[in-house]
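Data block below; observations after.
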Amino acid sequence: MSCAVEITDLTKSYGTTVALEHVSLSVGKGEMFGLIGPDGAGKSTMYKILATLLTPDSGSATVCGLDTVRHFRDIRTRIGYMPEKFSLYQDLTVEENLKFFASLFGVSIKENYDLIAPIFGQLKRFPNRRAGALSGGMKQKLALSCALIHRPEILLLDEPTTGVDAVSRSEFWDMLATLREKEITILVSTSYMDEATRCERIAMINEGRILDIDTPARLIAGIGENLYNAVSADMFTLLKHLRELPEVSDCYTFGATLHVVGAPDFDPARATDKLREQGLNDVKIYPAQGDIEDLFIKLTRDDK
């Protein structure tokens with residue numbers, strides 16, 4: 001598979017704060033690739049370098065085989081970039097924003113409308129509504145339409161689902177799957193761990209360092225730990241006492257339960273007896289199925 005994006009030993013700092021530390025990864029042409037990590041992990045910095053808005057301190061990055069520093073003008077015509085914050089003109093209408101971005105790239109809306117039609121369809125009802133008056137989900141669709149209007153080879157989406165409702169999040173990922181069929185390379189970053197499974201491959205990043213890269217399924221299969229759910233009426237006390245047990249490697253909240261990472265000698269029945277001695281008589285500990293969030297917690301713990 002030929003590479004649409006190639007990053008080699010990339011480092012970027014803001015003063016004394018290291019945003020990216022010797023990052024290397026590659027994305028194949030036509031791939032849906034996810035960059036998964038919390039706020040402040042370095043995702044936006046990487047995207048700004050790929051979009052030629054920042055230069056790295058060291059290392060290199062190529063997009064469509066072009067160096068992001070030397071060939072920045074050529075790269076800008078071949079990518080679509082949707083930053084984390086809504087960056088369209090709030091005072092322009094839906095139609096005016098789309099026409100403006102089409103004119104920047106010297107294209108007409110008509111010639112590339114087939115690409116944005118599934119996305120822009122809901123916005124057609126409000127052509128004269130100002131962008132600033134749109135809902136979060138509608139702003140998201142307008143921003144994506146503007147990023148696609150020139151039919152880019154690569155689409156860079158920086159946390160596109162932040163701040164939108166669950167239904168809009170799901171609709172957005174369905175739209176990306178449709179774009180994937182058009183053979184557009186898509187790089188999408190997110191802090192929502194559940195969105196990772198929608199990507200073909202993901203890179204997990206924290207504090208500017210890549211923790212691991214692979215398909216979601218292979219990453220989850222590699223968790224390789226004794227993982228359990230634990231519940232009680234007094235979850236706070238349960239968390240405190242579980243963390244004090246020597247045979248518990250880690251314990252953290254996970255939805256309505258706790259996830260317990262047991263050492264090789266962890267025995268749920270023996271742990272339950274010890275907790276009962278502490279006054280927790282209603283404790284239940286049972287096997288859990290790990291997911292991307294569990295993996296991320298494990299990788300960040302091991303990285304430290």
Side-chain angles (χ1 to χ4, degrees), residues 1 3-10 19-47 50 61 154-162 166 169-170 172-174 176-177 179-180 185-229 248-255 257-264 266 286-304:
M1 180 187 293
C3 291
V5 172
E6 186 80 38
I7 296 174
T8 305
D9 206 26
L10 200 66
L20 295 174
E21 185 176 352
H22 302 293
V23 169
S24 295
L25 61 85
S26 61
V27 179
K29 287 184 178 179
E31 188 175 15
M32 172 93 80
F33 188 90
L35 189 63
I36 313 298
D39 293 342
K43 302 186 299 296
S44 292
T45 296
M46 185 185 298
Y47 273 61
L50 294 176
I154 297 177
L155 188 59
L156 303 173
L157 305 174
D158 189 7
E159 305 227 24
T161 57
T162 298
R169 280 177 59 196
S170 179
F172 190 84
W173 280 95
D174 289 341
L176 293 188
L179 292 174
R180 170 70 181 78
T185 304
I186 302 173
L187 279 76
V188 56
S189 70
T190 181
S191 56
Y192 296 118
M193 299 291 168
D194 61 300
E195 294 183 342
T197 56
R198 306 292 292 265
C199 300
E200 293 173 78
R201 287 192 306 137
I202 60 174
M204 311 200 77
I205 185 171
N206 188 53
E207 296 181 350
R209 296 188 298 277
I210 298 295
L211 304 177
D212 207 345
I213 302 174
D214 210 329
T215 66
R218 282 199 288 262
L219 287 170
I220 292 172
I223 291 177
E225 293 187 322
N226 295 323
L227 189 65
Y228 299 88
N229 287 308
V248 171
S249 301
D250 200 3
C251 184
Y252 47 88
T253 57
F254 193 91
T257 73
L258 300 178
H259 269 192
V260 181
V261 180
F266 180 78
Y286 52 96
Q289 179 64 50
D291 65 7
I292 290 293
E293 187 171 345
D294 291 300
L295 174 64
F296 189 84
I297 291 171
K298 174 184 183 297
L299 291 174
T300 53
R301 184 182 71 236
D302 294 347
D303 189 51
K304 292 178 180 178

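Screening Met32, Arg180, Glu31 for a side chain to side chain contact (heavy atoms under 4.5 Å, CB included) with Cys199, the sole residue that qualifies is Met32. Residue Leu299 is tested with Leu219, Asp212, Ile205 for a side chain to side chain contact (heavy atoms under 4.5 Å, CB included); the sole match is Asp212.
Using a 4.5 Å heavy-atom cutoff, the side chains of Val261 and Ile297 are not in contact.
For the residue pair Thr45 and Ala19, the shortest heavy atom distance occurs at OG1-CB, 3.7 Å. Of all heavy-atom pairs between Pro216 and Ala196, the closest is CG-O, 3.4 Å. The shortest non-hydrogen separation linking Leu227 to Gly290 is CD2-CA, 3.5 Å. A pairwise comparison of heavy atoms in Ile36 and Phe296 identifies O-CE1, 4.1 Å as the closest pair.
We find the CZ-OH distance between Arg301 and Tyr252 to be 7.0 Å, quoted to the nearest 0.5 Å. Considering OG1 of Thr185 and CG of Leu179, their distance stands at 11.5 Å, rounded to 0.5 Å. Rounded to the nearest 0.5 Å, atoms CG (Leu258) and OG1 (Thr253) are 7.0 Å apart. Rounded to the nearest 0.5 Å, atoms CG (Leu20) and CZ (Arg209) are 11.5 Å apart. Expressed to the nearest 0.5 Å, how far CD1 of Ile7 lies from CG of Leu25 amounts to 4.0 Å. For the atom pair CZ (Arg201) and CG (Leu35), the distance works out to 12.0 Å, reported to the nearest 0.5 Å.
Under a 3.5 Å cut-off, the side chain of Asn226 and the backbone N or O of Ala263 do form a donor-acceptor pair. Using modelled atom types, no side-chain atom of Ser24 and backbone atom of Thr8 make a donor-acceptor pair closer than 3.5 Å. For the pair Tyr47 (side chain) and Glu159 (backbone), a donor-acceptor distance under 3.5 Å is absent. A donor-acceptor contact shorter than 3.5 Å links the side chain of Lys43 to the backbone of Pro38. The backbone N or O of Asp294 lies less than 3.5 Å from a partner atom in the side chain of Asp291, making a donor-acceptor pair.
Applying the side chain to side chain donor-acceptor pair (under 3.5 Å) criterion to Ser189, with sequence neighbours excluded, gives Asp158.
Among residue pairs with one or both ends in residues 187-228, those qualifying as ring-ring contact (aromatic ring centres under 6.0 Å, His included) are Tyr228-Phe266; sequence neighbours excluded.
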Met193/Leu295 under side chain to side chain contact (heavy atoms under 4.5 Å, CB included): CA gap, chis, key distance, verdict: CA-CA 10 Å; Met193 299 291 168; Leu295 174 64; over 6 Å; no
Do Asn229 and His259 pass the side chain to side chain contact (heavy atoms under 4.5 Å, CB included) test, and can you show the C-alpha distance, the side-chain angles, and the key distance before you say yes or no? CA-CA 5 Å; Asn229 287 308; His259 269 192; 2.9 Å; yes
Please report the C-alpha distance between Ile213 and Phe33 in whole Å, then the side-chain angles of each, then the deciding distance to 0.1 Å, and finally whether the side chain to side chain contact (heavy atoms under 4.5 Å, CB included) criterion is met. CA-CA 10 Å; Ile213 302 174; Phe33 188 90; 4.2 Å; yes
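Electrostatic pairing of Arg169 and Asp194 counts as a salt bridge here, judged by a charged N lying under 4.0 Å from a carboxylate O.
Of the N and O atoms on the side chains of Asn206 and Thr300, not one donor lies less than 3.5 Å from an acceptor on the other residue.
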